[in-house]
Amino acid sequence: MKSTKSAAEQLKMTMALLVGAAPIALAWVLGHWIVRRANRALLQPTTDIPQGSWWSRATNADKIALAALGVGILSFFVALTTLGKDLMK
């Protein structure tokens, strides 16, 4: 069966999928790392057992990093959408 798309179009679509999936994968890896870091066990026998969600135990730097990551991903998708709109003209 003959393909209706040329090899160049298929390559362009593959590259677009990879470019779009890369920041999502990066965000997932960084988010997972921050949650693991907040949930790690510490050997501190003289302190209380940490309670609450991972968000309440995360440091301020971790919270700021997650917020910045979200803003960065949103701005990436806005830029990607704008680029796609310009390329479709």
Side-chain angles (χ1 to χ4, degrees):
M1 200 160 157
K2 195 171 185 179
S3 177
T4 58
K5 292 184 179 180
S6 68
E9 289 175 357
Q10 289 178 353
L11 181 63
K12 189 187 296 186
M13 180 63 86
T14 303
M15 290 302 294
L17 287 173
L18 289 176
V19 167
I24 298 297
L26 178 65
W28 182 83
V29 168
L30 288 176
H32 184 70
W33 177 77
I34 289 173
V35 171
R36 278 190 53 217
R37 183 173 175 221
N39 285 337
R40 71 176 181 255
L42 299 174
L43 182 57
Q44 296 177 343
T46 59
T47 61
D48 292 331
I49 296 173
Q51 296 179 356
S53 67
W54 66 270
W55 183 257
S56 65
R57 292 190 311 267
T59 64
N60 284 337
D62 290 341
K63 293 176 184 177
I64 291 170
L66 276 177
L69 183 63
V71 169
I73 288 175
L74 286 175
S75 63
F76 171 79
F77 281 118
V78 167
L80 194 64
T81 304
T82 306
L83 178 65
K85 182 181 173 185
D86 289 343
L87 289 177
M88 293 297 176
K89 287 183 180 180

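Values in this document were obtained by computation on a predicted structure and should not be read as measured data. Side-chain atoms are counted along with the backbone in the values below, which use heavy atoms only and exclude waters and symmetry mates.
Annotation: the span from Ile64 atom CD1 to Thr59 atom OG1 amounts to 8.5 Å, rounded to 0.5 Å. Interatomic distance, Asp62 CG to Leu30 CG, rounded to the nearest 0.5 Å: 11.0 Å.
For Ala27 against Ile73, the heavy-atom pair with the smallest separation is CB-CD1, 2.9 Å.
Put simply, the side chain of Ile24 reaches to within 4.5 Å of the side chain of Phe77, judged on heavy atoms.
Hydrophobic clustering keeps Leu69 apart from Leu74 (ILVMFWY residues linked when any side-chain heavy atoms are closer than 4.5 Å, directly or through intermediates).
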